[in-house]
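Chain naming here is simple, since letters A, B, ... match the order of the sequence lines and numbering starts at 1 in each.
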Amino acid sequence: MQIKDLAQNEGKVVTLNGWVANTRDSKGLVFIILRDGSGYCQCIADLNTIGEELFNKAKSLTQESSVSFTGKVVKDERQIGGYELHINDLKIFQLTHDYPITNKEHGVEFLMDNRHLWLRSKRQWAIMKIRNTIIYSIHNFFQQKGFVQMDAPLFTGNAAEGTTTLFETDFYGEPAYLSQSGQLYGEAMAMALGNIYTFGPTFRAEKSKTRRHLSEFWMIEPEMTFYDNDQNMDLIEEFLHFVVKQTLEKNQAEFEILGRDTTKLKDSLKPYIRVTYTDAVEILKSKKAVNGKTAKEVLENDLQNAKNRLSECQSQIKDYESQMSKPGLKKGQINYFTSKIAGLKTEIKELEEDLRNIPQWMESAANFEYGSDFGGSDETVLTRLFDVPVMVYNWPHEIKAFYFKRTEDNKFAKGVDVLAPEGYGEIVGGGERETNIELLMGKINEHKLPMEVFEWYLDLRRYGSVPHSGFGLGLERLVAWICKLDHVRETIPFPRMYGRLKP
RNA sequence: UCCUCAGUAGCUCAGCUGGUUAGAGCACAUGACUGUUAAUCAUGGGGUCGCUGGUUCAAGCCCAGCCUGGGGAGCCA
């Protein structure tokens with residue numbers, strides 16, 4: 001019996017196997033929060049019903065001890081899953097001592113060192129459940145549409161294609177590199193099977209230390225034959241709508257654990273904003289208003305709000321401190337005040353960071369040079385103006401990879417970047433591919449890439465070249481946005497990033 | 001690679017302009033409490049203040065270098 005199935009077994013006597021997430025006890029009762037991977041359930045050992053021997057056993061239980069409880073399923077609305085178990089028999093597999101992760105706050109480094117145990121925590125559990133829904137929905141979406149999953153190789157023989165640094169390995173004495181993208185292979189597979197998608201790990205050796213970078217991450221790369229970039233954008237939108245909807249349907253409980261306000265996710269189910277790069281630059285430079293407001297005005301307003309909130313926090317702290325200075329306070333009240341103050345201090349740190357950042361963002365947005373790529377702050381500013389993802393398309397071809405198709409006037413690459421709202425930045429990059437072999441070879445030369453490495457790719461243009469498009473979705477960034485997490489390191493069971501190879 | 005912030009008990013942190021035996025909460029142990037939702041009460045053990053060197057009568061605090069980590073730039077999903 002699993003905890004998730006308790007609802008169907010009200011009143012019955014069942015056995016639950018799992019781990020002790022937390023305990024509390026008083027004279028004749030022990031409350032044990034049991035987790036079994038499927039959910040959480042409060043189990044109660046009552047001295048009067050189980051007798052002294054079993055009661056003492058229950059009382060001895062520690063965090064993460066592995067146990068088996070048999071008892072009656074009782075409905076109790078106050079409880080996490082809506083049900084509790086009244087124990088009449090219990091067995092201990094192992095009594096755990098000194099479990100490192102307690103019910104208190106921990107720092108990032110400590111938690112990352114204990115990632116193998118951290119995964120047992122409620123928050124991490126919720127994130128992994130949502131990640132699973134997302135993965136399952138991605139397959140569902142493409143399979144329903146008749147896409148064939150085909151995976152690109154992870155070892156590649158050349159370090160070409162772009163500027164990204166790759167991981168070098170030894171392939172039977174020859175240098176080989178871990179793949180940074182399966183796209184070129186995806187194109188070859190699409191020419192064989194029609195619409196395909198890849199779903200696999202991707203490697204970037206950039207020494208990036210930011211909240212949105214991993215050295216190893218999972219990427220989904222669909223490639224569609226006879227699609228232009230408009231159809232590509234239609235598909236991206238339909239696809240992301242589908243995935244978000246699935247998580248909203250299946251993961252309400254998990255969103256609650258994370259404290260994720262889902263109204264913003266629901267808002268994102270409206271049609272996405274589509275702007276050309278040129279228009280996006282105008283918006284960024286406040287030469288063009290959105291809903292009657294320029295970027296500058298919105299940010300100035302944000303800045304003022306942050307200032308107001310900051311002084312509010314400061315006066316609240318003073319308030320708490322004066323209440324604490326009164327004599328005769330109970331320990332519990334002191335704890336309450338100190339934790340409130342600690343929470344406010346964290347908020348103040350965040351607000352102060354905003355106060356430092358926003359003017360910089362404003363400056364960098366105002367001075368943005370047409371023709372360059374958007375930086376992280378530019379993406380934040382742009383998405384701040386909308387409550388749905390923003391698709392920026394038709395980029396200056398100079399800043400995009402060699403394989404993009406150009407617009408008719410030859411000025412722009414028919415690429416599209418999807419920027420997630422709430423400051424999450426780029427989650428999808430894609431576009432229409434160049435079909436003309438002459439133009440493609442010209443671009444390869446322009447980028448000073450070794451032509452011989454791309455001969456097989458050029459064959460795709462020699463033999464039955466057709467219009468086609470595709471995109472790449474970063475799974476972890478999508479999970480981070482949907483769950484509203486501070487960092488992608490929590491979106492994958494064992495993150496691999498600069499400075500982190502263990503556990 | 002560069003900028004920036006940090007490193008004090010098992011964990012999270014406090015430690016004033018350098019001044020005597022280094023503090024709290026949680027966790028742990030023991031006891032008290034019949035329904036709790038991380039933070040009820042009492043008692044107790046627990047620290048080479050990241051490392052190395054320097055300034056000083058005196059360094060957790062100041063200076064230099066190094067190590068480790070957080071955030072960001074570049075690059076990107």
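Of all nucleotides present, none satisfies the Watson-Crick or G-U wobble test against B:U17 with each distance under 3.5 Å. When both distances must be under 3.5 Å, the Watson-Crick or G-U wobble mate of B:U12 is B:A24. The partner of B:G7 is B:C67, by the rule that a Watson-Crick or G-U pair needs both atom distances under 3.5 Å. A 3.5 Å limit on both hydrogen-bonding distances identifies no Watson-Crick or G-U partner for B:G74. Pair assignment for B:U48 gives none, since no Watson-Crick or G-U wobble pairing has each distance under 3.5 Å. Shown here, B:A29 forms a base pair with B:U43; the pair counts as Watson-Crick or G-U wobble because both key distances fall under 3.5 Å.
A:Arg24 contributes no side-chain N or O that forms a donor-acceptor pair with the base of B:C33 under 3.5 Å. Taking only distance into account, the side chain of A:His97 never meets the base of B:C28 through a donor-acceptor pair shorter than 3.5 Å. Taking only distance into account, the side chain of A:Ser377 never meets the base of B:G72 through a donor-acceptor pair shorter than 3.5 Å. No N or O donor and acceptor, one from the side chain of A:Glu109 and one from the base of B:G7, sit under 3.5 Å apart. With hydrogens and angles ignored, a donor-acceptor pair under 3.5 angstrom links the side chain of A:His213 to the base of B:C76.
B:G31 and B:C49 are spaced 34 Å apart, taking the C1' atom of each and rounding to whole Å. The separation of B:G7 from B:A14, taken at their P atoms, amounts to 8 Å, rounded to a whole angstrom. A gap of 33 Å separates the P atoms of B:C61 and B:A73, to the nearest Å. As rounded to the nearest Å, B:A32 and B:G46 have C1' atoms that lie 24 Å from one another.
Between A:Phe31 and B:G35, no base-stacking contact is recorded for ring centres under 5.5 Å apart and planes less than 30° from parallel.
For the residue pair A:His397/A:Lys414, the side-chain donor-acceptor check at 3.5 Å is not satisfied.
Considering only the side chain of A:Leu214, B:A77 comes nearest among B:G35, B:A77, B:A73.
Outside the 6.0 Å centre-distance limit, the rings of A:Phe412 and A:Tyr393 are not counted as a close aromatic pair. Between A:Trp125 and A:Tyr40, the gap from one ring centroid to the other is short of 6.0 Å.
The two residues A:Arg115 and A:Pro495 have their closest heavy-atom pair at NE-CD, 3.9 Å.
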Exercise. Can you list the steps and then say if A:Phe147 with A:Phe141 is a ring pair (Phe, Tyr, Trp, His ring centres under 6.0 Å)?
Worked result: CA-CA 9 Å; A:Phe147 281 58; A:Phe141 178 83; 7.4 Å; no
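At the phosphate of B:A27, neither OP1 nor OP2 sits under 4.0 Å from any side-chain N or O atom of A:His106. The phosphate of B:G69 (OP1 or OP2) has no side-chain N or O of A:Lys209 nearer than 4.0 angstrom. Within the structure, every side-chain polar atom (N or O) of A:Arg212 is placed at least 4.0 Å from both OP1 and OP2 of B:A77.
When the nearest nucleotides of RNA chain B are assigned to A:Arg500 and A:Ser215 by heavy-atom distance, the more 5′-ward of the two goes with A:Arg500. The residue among A:Asp76 and A:Lys122 whose nearest nucleotide of RNA chain B lies closer to the 5′ end is A:Asp76.
A:Gly376 comes within contact range of the sugar-phosphate backbone alone, with a heavy-atom separation under 4.0 Å but no base atom that close.
The residue from A:Lys405, A:Arg433, A:Glu187, A:Glu432 that alone fulfils the side-chain hydrogen bond (donor to acceptor under 3.5 Å, both in side chains) condition with A:His468 is A:Glu187.
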